[in-house]
Amino acid sequence: MNKQQLIDEFVNLYGGDKETVRVFASPGRVNLIGEHTDYNGGFVFPAALTMGTTIALRVRNDRVLRMKATDLDGIVEADLNTPEKYKDLFWGNYQVGVAVELEKNGYEISGCDMLYDDTLPHGGGLSSSAAIEVATALALATISNEKKGINKEIDMIEMAKIGQKAENNYIGVNCGIMDQFASAMGKKNHVIFLDCKDLSYKLIPLNITGYKIVISNTNKKRSLADSKYNERRCECEDALSKLNTVIDYDYLGVIPTQVFEQHKNVIGDEIKIKRAEHVVYECDRVLKSIEALENNDILKFGELMNSSHNSLRDLYEVTGIELDTLVDEARKVDGCIGSRMTGAGFGGCTVSIVKDEAVEQFKEIVGKNYTEKIGYAPSFYVSDLGDGGREI
Ligand code: GLA
């Protein structure tokens with residue numbers, strides 16, 4: 001739906017005039033490499049997509065958020081005077097969490113009528129939730145600043161942090177900062193090389209002429225993903241505290257590989273050694289990926305993507321039959337030079353680098369073989385890399 005269509009639908013739904021409707025947007029992300037490293041103070045390499053969330057909204061005179069999604073029935077109403085009541089909403093809880101966190105940061109939240117249009121698959125591993133969080137944070141913060149007469153640009157890194165806190169504190173998922181950061185700070189045709197220990201970053205133009213980034217969705221319903229995610233986080237924290245009885249590092253993701261090899265046995269638990277090993281070597285792979293892309297060595301980059309998936313499968317154990325099948329079938333296609341899961345895992349999507357002329361064949365072969373093995377079909381997206389959150 002384009003901006004005008006969304007405004008028309010908004011007015012059909014809520015009435016009033018078109019002139020008072022504002023429109024904000026924020027994208028989803030695909031992470032090219034650096035998985036489960038963000039909450040370990042390591043490196044990630046995500047990019048914003050052109051698919052995401054667009055919100056049309058109009059300010060109300062109370063503290064009620066009235067929210068509707070174009071693809072869901074019914075309007076959800078949340079009174080911000082009693083925000084705790086909405087944690088278990090099927091949809092709309094991320095927005096309430098964002099409002100709560102903005103208030104903690106001194107913003108004054110006005111009630112709004114809101115219409116959301118999502119072009120990302122809900123819960124499909126492309127950060128549909130981060131897109132909602134960042135777009136909502138930007139919209140509500142912009143309105144707060146205007147109301148208070150504050151005339152300064154919104155700090156998009158602050159909006160990313162608000163989104164992450166909403167998820168950590170209100171929703172109860174201890175996610176890192178990668179998704180919200182990519183959604184807030186992405187730039188068309190660029191990938192973000194982000195150092196999660198201090199949020200320093202560099203926008204790197206993606207020069208892969210002759211290739212496309214193909215996203216394949218397992219279409220698996222992701223159950224238990226949140227609890228498993230939190231479990232991995234705890235395993236990493238335990239591993240680090242054991243390592244720190246003999247060395248001294250603030251994060252697992254900053255430990256050099258040789259130092260890790262020297263001391264890993266002090267962790268004393270085979271599973272936690274594997275988790276930590278993934279994190280340490282995955283951060284190293286991100287650095288090597290940047291170097292490969294700088295040298296226009298796309299084949300090397302593809303190999304690193306493959307190793308990343310293998311490590312997520314064997315050491316971090318967050319893949320599963322659906323993601324592994326997509327990746328295995330992708331790698332068999334001529335013209336696919338690298339394939340890995342992207343995001344939290346346990347379902348969701350893979351990302352593959354595929355030669356332009358092989359994309360159609362890729363979709364056909366992977367689609368057919370996956371469907372035969374898993375019993376239902378995957379979906380494919382060949383998305384461009386887009387801009388981060390903004391008013392449009
Ligand atoms: C999810 C989280 C991110 C990150 C990835 C794994 O997408 O929201 O913070 O941890 O998983 O890399």
Side-chain angles (χ1 to χ4, degrees), residues 26-49 52 94 97-98 120-134 157 159-186 191-197 199 201 215 217-218 220 222 224-237 251-253 275-276 278-283 285-286 289 304-305 308-309 311-313 315-320 323 340-351:
S26 209
R29 64 94 190 93
V30 59
N31 186 25
L32 296 187
I33 195 160
E35 217 65 82
H36 287 279
T37 48
D38 60 349
Y39 53 83
N40 285 304
F43 301 116
V44 292
F45 196 47
L49 298 168
Y94 290 104
V98 163
L120 289 162
H122 284 293
L126 299 177
S127 298
S128 51
S129 50
I132 289 177
E133 288 154 11
V134 173
I157 296 186
M159 297 303 107
K161 288 181 183 165
I162 294 277
Q164 182 197 15
K165 283 199 189 133
E167 206 143 336
N168 294 166
N169 300 334
Y170 192 81
I171 305 293
V173 179
N174 279 328
C175 67
I177 189 72
M178 169 172 75
D179 303 349
Q180 291 80 6
F181 196 97
S183 182
M185 301 297 291
V191 188
I192 307 172
F193 171 37
L194 173 65
D195 186 344
C196 299
K197 73 174 180 299
L199 297 191
Y201 70 100
I215 296 167
N217 191 343
T218 58
K220 180 190 177 190
R222 285 204 294 169
L224 286 180
D226 294 350
S227 58
K228 287 246 163 65
Y229 184 94
N230 289 349
E231 185 184 291
R232 291 294 178 282
R233 244 195 118 135
C234 291
E235 288 165 349
C236 288
E237 279 161 19
Y251 302 98
L252 260 190
R275 306 297 190 240
H278 164 75
V279 173
V280 168
Y281 282 87
E282 182 76 352
C283 290
R285 277 189 286 272
V286 178
S289 297
L304 289 160
M305 288 176 74
S308 165
H309 183 88
S311 171
L312 288 155
R313 182 190 62 208
L315 301 178
Y316 218 66
E317 297 181 284
V318 290
T319 58
L323 285 166
R340 59 181 290 277
M341 57 156 267
T342 183
F346 314 105
C349 291
T350 65
V351 54

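In each ligand, atom 1 is the first atom listed, and ligand 1 is the first ligand listed. Note that the coordinates shown come from a computational prediction; the quantities given were computed from them, not determined experimentally. Computed over heavy atoms, backbone and side chain alike; hydrogens, waters and symmetry mates excluded.
What sits closest to atom 10 (O) of ligand 1 on the protein, heavy atoms only, is Tyr229 OH, 2.6 Å. Protein heavy atom nearest atom 8 (O) of ligand 1, with residue, atom name and distance: Asp179 OD2, 2.6 Å. Scanning the protein for heavy atoms near atom 3 (C) of ligand 1, the closest one is Asp38 OD2, 3.3 Å.
Contacts with ligand 1 closer than 4.0 Å are made by no heavy atom of Gln180, backbone or side chain.
By the 4.5 Å heavy-atom criterion applied to side chains, Phe193 and Val286 are counted as neighbours. No side-chain heavy atom of Tyr39 sits under 4.5 Å from any side-chain heavy atom of Asn168. Using a 4.5 Å cut-off on side-chain heavy atoms (C-beta onward), Leu312 and Leu323 make no contact. At least one side-chain heavy atom of Leu199 sits less than 4.5 Å from a side-chain heavy atom of Leu194. Contact check for Val351 versus Met305: side-chain heavy atoms found under the 4.5 Å cut-off. Residues Arg275 and Leu252 fail the side-chain proximity criterion, which asks for heavy atoms closer than 4.5 Å.
Distances between N or O atoms of His36 and those of ligand 1 include at least one value under 3.5 Å.
The shortest separation from a heavy atom of Met341 to ligand 1 is not under 4.0 Å, leaving the residue out of contact.
Applying the ring-ring contact (aromatic ring centres under 6.0 Å, His included) rule to Tyr316 yields the partners His36, His278; only residues at least two apart in sequence or on another chain are considered. Legend: residues meeting salt bridge (charged side-chain N to carboxylate O under 4.0 Å, His left out) with Glu231, ordered by chain and number and at least two apart, are absent.
Within ligand 1, the atoms closer than 4.0 Å to a non-hydrogen atom of Met178 are 4 (C), 5 (C), 12 (O), numbered from 1 in the order shown. Taking every heavy atom of Tyr39 and a limit of under 4.0 angstrom, the matching atoms of ligand 1 come to 10 (O). Residue Gly176 has at least one heavy-atom neighbour below 4.0 Å for each of these atoms of ligand 1: 9 (O). Residue-ligand proximity, Ala344 to ligand 1, at heavy-atom distances under 4.0 Å covers atoms 1 (C), 7 (O), 11 (O). Listed by number with element, the atoms of ligand 1 under 4.0 Å from a non-hydrogen atom of Arg29 are 7 (O).
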